[in-house]
Amino acid sequence: MTTADQAQDLAVLGGARAFAEPLHVGRPNLGDRAAFTRMVEDVLDRRWLTNDGPLVREFEEQVASISEARHCIAVANGTLAATLLLDTMGLRGSAVVPSFTFIATPHAAEWAGLDAVFADIEEDTHHLYQSSVTSALTHETAVVVGVHLWGGILDAKSLDISELDGIPLVYDAAHAFGSTLHGRGIGAHGVASTLSFHATKFINTFEGGAVLTDDDALAAELRLRRNFGFAGYDEVTRLGTNAKLNEVSAAQGLSMLAVMQHIVEHNHAVLERYRNRLAQVPGITLWDPGATRTNGQYVVTQVDAEEFGLSRDELVDALWADNVRARRYFYPGCHRMSPYRERGSDVADSLQATERVAKQVMVLPTGTAMTLADVTVVCDLIARAHDRAPAIGRALRAP
Ligand code: T4K
């Protein structure tokens, strides 16, 4: 698939595309195909397709064990996991969330009847930090939702809960399944965490998600609510919804857990190659996970326009021309998207790090669909884009 030739020009300057097929951020990893097919045959033989089936239970057990949580409640997607969790906690008022996250984080709070209030991030970690959260708190605050962005674990110790006046801290851990901090899994942080197993996540169930918690009562309540509130065949005891994960999705998840270590190792080899190769390119910095051992599913760079010679957006355009579909996650920040942007023009003033980081972040392709040779080509393209920055700038600005 790699066809890049050092002598050939970048596609944006009229050369042939480096990659015949697009290299995507979020190209799905696949699990053990034979195991998946066998499990799907079993599902059909059993005629037990959904509703807390045996594969869903097995998947929940394995996810709980990897995450070091007492309970895993599997659901249909990560957005529903967060919505169901916040709603089940019976919260009223507002939820403090970062703006630098996927739009599902504030959307889930709003669907649960809370007002999303945005707090800023720390420029190095891209995570919420104490003083931004403290200044976002009001007497209306019902919960703080931390996001383990890029799979880096936002340690509850870095947000001093005692200062949060008994306000619960929960986590959107959509990026962080399998990550560990000082050897401990993500279940060890906060009241509960929510996961995503969307196709683009490093372990997928096509669509899927889960809530992790150590709280027995909360777990029991979540199980009832994900199934309409049914407590027996003829008995509905509370308001519930349909948030169930089906058996084929669970089969996919189990077939992926079987090869999870291999995927993590591949991701880290890819990351290492990016790190080594991009270290020599002025104006490109790789996000540093600090003490977290991440699952490696995101390769996050920041582009310093002055040093690099092109803005982040210009570099993204240049890479797309070569079929490298780099992404501007999470641009422009949730506070600049509807319905949130209509809620006040002064919000951006308190989100200055978010504003800066959102203009610089460029996420690069990774995962098992990509080889180390592909990574080398992507890095060469970036290095050459730096070398040819003035010409690329002119080509992109030409009418
Ligand atoms: N919280 C956070 C912090 C999250 O990041 C997310 C989801 C959630 C909560 C909510 O979880 P879910 O409700 O989604 O379970 C993607 C994903 O749709 C989304 O799950 C994810 N975060 C977010 C970061 O990325 P897009 O719109 O940027 O990606 P999408 O769907 O365009 O896929 C990216 C590329 O991957 C495509 O251009 C092509 C390729 N692709 C995609 C799919 C689905 C494939 O090659 N095959 C595929 O099957 O949102």
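Index from 1, following the sequence. We count ligands from 1, going down the list as the structure has it; atoms in each ligand are counted the same way.
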When you check the gap from the basic side-chain N to the acidic O, do Arg92 and Glu140 get nearer than 4.0 Å?
no
Side-chain contact test, heavy atoms from C-beta onward, threshold under 4.5 Å: evaluate it for Ile186 versus His148 and give yes or no.
yes
Does Tyr331 have Arg312 sitting over its ring (NZ/CZ under 6.0 Å from centre, angle to axis within 45°)?
yes
Considering only protein heavy atoms, which is closest to atom 13 (O) of ligand 1, and at what distance to one decimal place?
Thr79 OG1, 2.6 Å
What is the nearest protein non-hydrogen atom to atom 28 (O) of ligand 1, stated with its residue, atom name and distance?
Tyr329 OH, 2.6 Å
the protein heavy atom lying closest to atom 47 (N) of ligand 1 turns out to be Pro28 CD, 3.3 Å
Atom 34 (C) of ligand 1 sits nearest the protein heavy atom Val25 O, 3.4 Å
Taking atom 21 (C) of ligand 1 as the reference point, the nearest protein heavy atom with its distance:
Lys201 NZ, 2.8 Å
Shortest protein heavy-atom distance from atom 38 (O) of ligand 1, along with the residue and atom involved:
His24 ND1, 3.5 Å
Scan residues 269-288 for pairs that pass side chain to side chain donor-acceptor pair (under 3.5 Å), counting only residues two or more places apart or in two chains.
Arg273-Thr376
Apply the test side-chain contact (heavy atoms from CB on, under 4.5 Å) to residues Ile392 and Leu13: give CA-CA distance (whole Å), side-chain angles for both, the deciding distance (0.1 Å), then the verdict.
CA-CA 7 Å; Ile392 294 172; Leu13 296 176; 4.0 Å; yes
Salt bridge check, Arg223 against Glu60: does any charged N sit closer than 4.0 Å to a carboxylate O?
yes
Do you know which two heavy atoms are closest between Ile203 and Phe197, and how far apart they sit?
O-CD2, 3.3 Å
What are the atoms of ligand 1, with element, lying closer than 4.0 Å to any heavy atom of Ser196?
11 (O), 12 (P), 15 (O)
Using a 4.0 Å heavy-atom cut-off, say whether Arg325 meets ligand 1 through its side chain, its backbone, both or neither.
neither
Quick note on ligand 1: atoms under 4.0 Å from a heavy atom of Thr101 include exactly 3 (C)
Salt-bridge test for Arg225 and Glu221: reply yes if a basic N is under 4.0 Å from a carboxylate O, no otherwise.
yes
Are Glu110 and Arg343 ion-paired here, with the side-chain N under 4.0 Å from a carboxylate O?
yes
Looking only at distance, does Tyr298 have an N or O less than 3.5 Å from an N or O of ligand 1?
no
Please write down residue, atom name and distance for the protein heavy atom closest to atom 6 (C) of ligand 1.
Phe102 CD2, 3.3 Å
Can we call the ring centroids of Tyr340 and His107 under 6.0 Å apart?
yes
Any nitrogen or oxygen of Ala174 lying under 3.5 Å from a nitrogen or oxygen in ligand 1? Just yes or no.
no
Report, in ascending order of atom number, the atoms of ligand 1 lying under 4.0 Å from any heavy atom of Gly208.
15 (O)
I need the nearest protein heavy-atom contact for atom 33 (O) of ligand 1: residue, atom name and distance, please.
Thr200 CG2, 3.4 Å
Ala104 heavy atoms within 4.0 Å reach ligand 1 at atoms 8 (C), 9 (C), 10 (C)
